[in-house]
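All values below were derived from every heavy atom in this structure, side-chain atoms included, with hydrogens, water molecules and symmetry-related copies excluded. We count ligands from 1, going down the list as the structure has it; atoms in each ligand are counted the same way. No experiment lies behind these values; they were computed from the predicted model shown.
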Amino acid sequence: MQERKLKHPALAASYERIAKLSALPLWEIMGDVVGDAPSPMGVPHLWPYAEMRALLMEAGRQISAAEAERRVLALKNPALDRPGISQTLFAGLQLVMPGEIAPAHRHAAGALRFVLESDGGYSAVEGERCIMRRGDLITTPSWTWHDHENTGSGPLIWLDGLDVPIVNFFGARFGEDHPGDQQPILRPDDASVARWGSGLRPDGQRHDHPWSPLLSYPYERSRAALMACATGTPDPRHGFRMVYANPLDGGHILPTIAAFLQFLPAGFETAPGRSTESIVFVAVEGEGVARIGDVELAFAENDVFVAPNWSPIRLQARRDVVLFSFSDRAAQQRLGIWREEETAH
Ligand code: 1HN
């Protein structure tokens, strides 16, 4: 209170007495509490895959997956003082080496995995193995048991996305280890794809959870759907973009996190725009340039980059580009606060 320039300096003596009771005169700070428009939190940033992978492989020689519990390089926004990629989202790159297991646990935070390199492996979620192939999206909803295993002969690497900062903001952090390294398997591999992934739903079977019953969105299907929709004129803001949907209600995959797959044909550049969500992108195919706020980020395959909330975004494809992205839009829409707008640049 004392450091800022007061709007009503004549009232300073009262303010000191108000402060002693741990209260604040709202009329002095109204703009900070319910201002006209948000400021971006954190900065745009890119993590080049080649360098991140080299450090991940070095960690693979230094510490086992079992010892680390999770061998993850957390992507920290350079302008934030917590281990989040944005003020609402956690992102990291995880490595499991051949024959290794990341032991079973569960936590209040919800997660997704987007697979970058795989020669065979799975993430087991709540009694079911979700097979991991490059480009597959796998979800781990809140409080579901999960463990990972590399059954191939090359490294298994994926991008983790979690709502950790949101859960911790609410003070709702819980977690526990499973008594065994691996949870018991109760259903066939990719059972959720067979049950919920074909435009049919099991008659009479209820799914009373605020997340999608589909735990896996295999890239082969997602890419085919994206390319089937990529005809005619691309949307000026987003190119050709699909939302990973809950097949029961068309909603987002998780109550907090939305995910997208986007195709930008070579040479295409999106019109600038911004939204209140923070967005994490990974280049699945191709290369291009992202202009976020006043930062220019050249991206190539497997690079991860972040666009903070309310930062104008322009995406340019140098070659045919497929981008996966996830954001906190699902949480914001549930709270009724999500907004977007076009911008001049
Ligand atoms: C976690 O449990 C995983 O299960 C990955 O693979 C990343 C980051 C923060 C907190 C928990 C996993 C995580 C995490």
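Using 4.0 Å as the threshold, Glu69 has no heavy atom nearer than that to any atom of ligand 1.
The backbone N or O of His238 sits nowhere less than 3.5 Å from a side-chain atom of Thr270 that would complete a donor-acceptor pair.
Side chains of Glu301 and Leu116 form no contact here, defined as non-hydrogen atoms less than 4.5 Å apart. Residues Phe326 and Leu137 fail the side-chain proximity criterion, which asks for heavy atoms closer than 4.5 Å.
Atoms of ligand 1 found under 4.0 Å from any heavy atom of His148, numbered from 1 in the order shown, are 4 (O), 6 (O), 12 (C). The distance from ligand 1 to the heavy atoms of Gln94 drops below 4.0 Å at these ligand atoms: 5 (C), 6 (O), 12 (C). Taking a cut-off of under 4.0 Å to the non-hydrogen atoms of Asp160, the atoms of ligand 1 that pass are 5 (C), 7 (C). Every atom of ligand 1 with a heavy atom of Leu162 under 4.0 Å away is listed here by number and element: 7 (C), 8 (C), 11 (C), 13 (C), 14 (C).
For Thr276 against Gln332, the heavy-atom pair with the smallest separation is OG1-OE1, 2.6 Å.
The N/O atoms of Trp158, backbone and side chain alike, include none that comes under 3.5 Å of an N/O atom in ligand 1.
Residues Phe169 and Phe174 do not share a hydrophobic cluster, defined by chaining ILVMFWY side chains whose heavy atoms lie under 4.5 Å apart.
For atom 1 (C) of ligand 1, the closest non-hydrogen atom of the protein is His107 NE2, 3.7 Å. Looking only at heavy atoms of the protein, atom 12 (C) of ligand 1 is closest to Arg70 NE, 2.8 Å. For atom 8 (C) of ligand 1, the closest non-hydrogen atom on the protein side is Phe90 CE2, 3.3 Å.
Checked against the 6.0 Å centroid criterion, the rings of Tyr219 and Phe324 do not qualify as a close aromatic pair.
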Note to self: His207 vs Arg201, test: side-chain hydrogen bond (donor to acceptor under 3.5 Å, both in side chains). Steps then yes/no.
What the structure shows: CA-CA 10 Å; His207 175 77; Arg201 61 177 169 79; over 6 Å; no

